[in-house]
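Below is one structure, written out as structure tokens, with a few remarks after it.
So you know, we letter chains A, B, ... as the sequences are listed, proteins then strands, and number each from 1.
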Amino acid sequence: MKKKRLDREFFSHPAVEVAPLLLGKYLVRKLAGGEVLVGMINEVEAYVGEEDLGSHAAGGRRTKRTEVMYGAPGHAYVYFTYGMHWLINVVCSKVDDPQAVLIRGLDSVTGPARLTKAFSIDGKFHGEDLIKSKELWLEDRGVKANPKDIRTTPRIGIPYAGKWKDKPLRFLLSS
DNA sequence: ACGATGATGAAC
DNA sequence: TTCATCATCGTA
């Protein structure tokens with residue numbers, strides 16, 4: 001089946017709907033030297049808006065950093081944490097509704113910080129339009145994720161998120 | 001299993 | 001200016 005780049009419409013839905021759809025899709029990174037890195041997404045987490053206490057935009061925290069999440073869907077929300085790691089999310093839903101899906105793992109790389117390192121993704125991609133970018137985007141390569149192979153668990157690393165910490169917003173594809 | 005790591009944003 | 005962090009690695 002032919003490759004099809006994911007468009008704006010794909011991301012113009014609530015993160016909880018987009019997240020499972022990203023399983024089986026491909027993250028594509030074209031390096032400056034022309035080399036192309038590709039990996040199939042097999043782990044994601046949904047961050048569902050201002051009421052989500054696990055989100056950086058919890059309580060309507062609209063700051064320089066979170067501003068990207070308040071913008072149009074299909075853009076990259078990249079941030080730095082723990083003094084050494086970059087993590088990448090894709091903005092979902094619509095303008096002024098700060099939802100995003102965190103890409104946590106690929107078939108070739110396990111771990112949200114390891115994949116950004118492997119793909120040379122850092123702060124310069126914060127706000128990048130993944131629909132139009134020539135360096136970083138997402139593709140459908142014809143893989144159909146069987147719903148029976150999708151597991152959900154609580155999200156990782158948000159013990160402070162109150163009732164939100166146990167919600168099944170982490171999606172894993174077991175191959 | 002556990003502590004060190006250590007930049008950045010955001011709160012105080 | 002002080003604090004907490006959407007992890008990971010090295011050492012047990």
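- At whole-Å resolution of the value, CZ in F80(A) and C1' in dC6(C) are 14 Å apart.
- Transitive grouping of hydrophobic side chains (ILVMFWY, heavy atoms separated by less than 4.5 Å) keeps F11(A) and V95(A) in distinct clusters.
- In this structure, the ring of F80(A) has its center no less than 6.0 angstrom from the ring center of H85(A).
- With a 3.5 Å ceiling on both atom-pair distances, the Watson-Crick or G-U wobble partner of dT11(C) is dA1(B).
- Shown are R155(A), K167(A), Q99(A); of these, the side-chain hydrogen bond (donor to acceptor under 3.5 Å, both in side chains) with D52(A) is made only by R155(A).
- Residue side chain Y79(A) fails the stacking definition with respect to dC6(C), as its ring centre and the base's six-membered ring centre are not both under 5.5 angstrom apart and under 30 degrees in plane angle.
- Rounded to a whole Å, the CZ atom of R155(A) is 11 Å from the P atom of dA7(C).
- Residue L102(A) is classed as a base contact, given a heavy-atom separation below 4.0 Å to a base.
- dG6(B) atom P lies 6 Å from atom CE of M84(A), rounded to whole Å.
- Backbone-only engagement by R65(A) is indicated by non-hydrogen atom pairs under 4.0 Å involving sugar-phosphate atoms exclusively.
- Backbone-only engagement by G157(A) is indicated by non-hydrogen atom pairs under 4.0 Å involving sugar-phosphate atoms exclusively.
- A salt bridge links R62(A) with D96(A): at least one charged nitrogen is closer than 4.0 Å to a carboxylate oxygen.
- Regarding H85(A), its NE2 atom lies at a distance of 17 Å from the P atom of dG9(B), rounded to whole Å.
- What separates CZ of R170(A) from P of dA7(C) is a distance of 10 Å, to the nearest Å.
- Rounded to whole angstrom, the span from the CZ atom of R61(A) across to the C1' atom of dA4(C) amounts to 11 Å.
- Taking the charged nitrogens against the carboxylate oxygens, E45(A) and R104(A) do have a contact shorter than 4.0 Å, which makes a salt bridge.
- Looking at heavy atoms from C-beta onward, M69(A) lies in side-chain contact with S55(A) at the 4.5 angstrom threshold.
- Listed by residue number, there are no residues of residues 92-100 of chain A with a heavy-atom contact under 4.0 Å to DNA chain C.
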